[in-house]
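Atoms within each ligand, like the ligands themselves, are counted from 1 in listed order.
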Amino acid sequence: MAGLSTRLMHSDANTQRRTIDVVQPINVTTTFRYPDDPDDYVMAKDRPSEDISTGRPWYSRLSHPNSSKVEAVLGDLLEGEAVVYNNGLAAFNAALTYFNPKQVLIGDGYHGVHGILDLWTRNHGLVQLKLNEVDKLKEGDLIHIETPQNPYSTIHDLSYYVKIAREKKCKIMVDSTFGPPPLSNPWDFGVDMIMHSATKFFGGHSDLLAGVLVTKDKAVKTQLVEDRIFLGSNIANLEAFLILRSLRTYEMRLLRQSSNATALVKWLDENRDKYPKLDKIYHSSLQKDDFVKKQMTGGFPPVFSLEFKTVEQSKRFPSKLTLFDHATSLGGVESLIEWRPMSDTHERETLLRVSVGIENVEDLIADFKQGLEQIEKEDN
Ligand SMILES: *Cc1c(COP(=O)(O)O)cnc(C)c1O
């Protein structure tokens with residue numbers, strides 16, 4: 001098999017409407033002309049569902065040329081049948097719609113995913129179980145594991161949860177947004193479905209929203225695509241164009257971000273003693289469990305968290321940095337830091353989350369060093 005960057009450039013070459021344009025055009029149309037010859041007409045009831053996402057397009061809520069290309073590239077990258085959505089939460093909602101569980105076992109992790117579960121609990125009485133409540137699982141329930149988990153980049157033991165899922169006859173899906181290829185591969189552990197917020201590392205430029213579900217089963221893909229017609233959550237034209245552009249450079253960006261973050265965390269960890277106000281550093285490269293090495297075979301996430309001793313110190317730190325913008329989100333080429341209570345109401349008020357970009361790592365370390373020195377000099 002060709003290398004990852006080669007596949008990211010070429011794996012959509014056989015999708016429909018190959019133009020002579022080197023860069024695929026943006027199609028702003030919502031509707032596509034039917035065939036000219038009446039003998040080629042196919043009535044809606046005779047159209048195979050398998051063709052919705054890859055065949056001749058007819059309405060962009062169903063599919064359009066760039067959504068098909070995005071699915072071809074993401075399917076190749078994520079080793080399965082990919083279905084793309086207009087954001088990560090729409091992908092999660094589509095997975096819930098497909099599995100339709102009575103109970104979902106879930107840890108902490110991304111707050112928006114909990115927001116959707118709360119809607120399902122409100123409207124349909126869905127029961128939410130904590131990770132330590134596996135004994136309450138029943139046949140047909142869903143285990144949803146976010147690993148590495150936001151915002152601490154904690155790794156959860158996938159072998160353990162897959163074993164539970166098989167014992168209890170449940171389905172298991174993984175939110176792998178923080179561990180995209182080639183950092184980790186949840187398929188190696190036998191999960192049923194993988195989701196990503198493609199807004200993050202696949203988009204990579206903080207300028208688009210997208211999500212993706214991946215399955216190994218073509219029939220599941222067909223059902224997801226049929227459901228998506230009525231959920232109204234296909235990716236839009238401009239976003240599909242943008243993510244296609246982003247995916248071409250994905251491997252270089254991601255590996256650089258991962259090695260930058262790991263080096264910055266290592267520097268912080270080795271220099272902790274010099275900065276007594278810095279209380280905690282959280283990153284999977286510092287996590288000692290055996291399964292970390294088994295799961296993170298390609299490196300560590302470009303995201304880590306830290307805490308100062310006081311809320312005031314944490315709140316002030318972002319303004320001391322010059323190369324890290326104070327903003328939410330992660331995965332883009334630009335480095336960001338966020339005082340986490342700004343967007344997540346449940347987080348500790350001393351928590352800062354850092355998303356490391358593609359800048360030169362010496363400069364990122366130097367920026368942290370001067371920022372930490374400033375904090376140490378202040379009174380609070
Ligand atoms: C951002 C994120 C989501 C939600 O994705 P959106 O594209 O913002 O809808 C879900 N899970 C994780 C782990 C995320 O980081």
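- In this structure, R166 pairs ionically with D192, as a charged nitrogen and a carboxylate oxygen lie closer than 4.0 Å.
- Applying the salt bridge (Lys or Arg N to Asp or Glu O under 4.0 Å) rule to R316 yields the partners E312; only residues at least two apart in sequence or on another chain are considered.
- For ligand 1, the 4.0 Å heavy-atom shell contains residues N87, G88, L89, Y110, E146, D175, T177, F178, S197, T199, K200, A210.
- Clustering of Ile, Leu, Val, Met, Phe, Trp and Tyr by side-chain heavy atoms under 4.5 Å joins I358 with V333.
- Hydrophobic cluster membership for Y282: Y152, L351 (Ile, Leu, Val, Met, Phe, Trp, Tyr linked by side-chain heavy atoms under 4.5 Å, directly or transitively).
- Counted by atom type alone, R228 and N234 present one or more donor-acceptor pairs between their side chains at under 3.5 Å.
- The distance from the CE atom of M9 to the CG atom of L247 is 11.0 Å, given to the nearest 0.5 Å.
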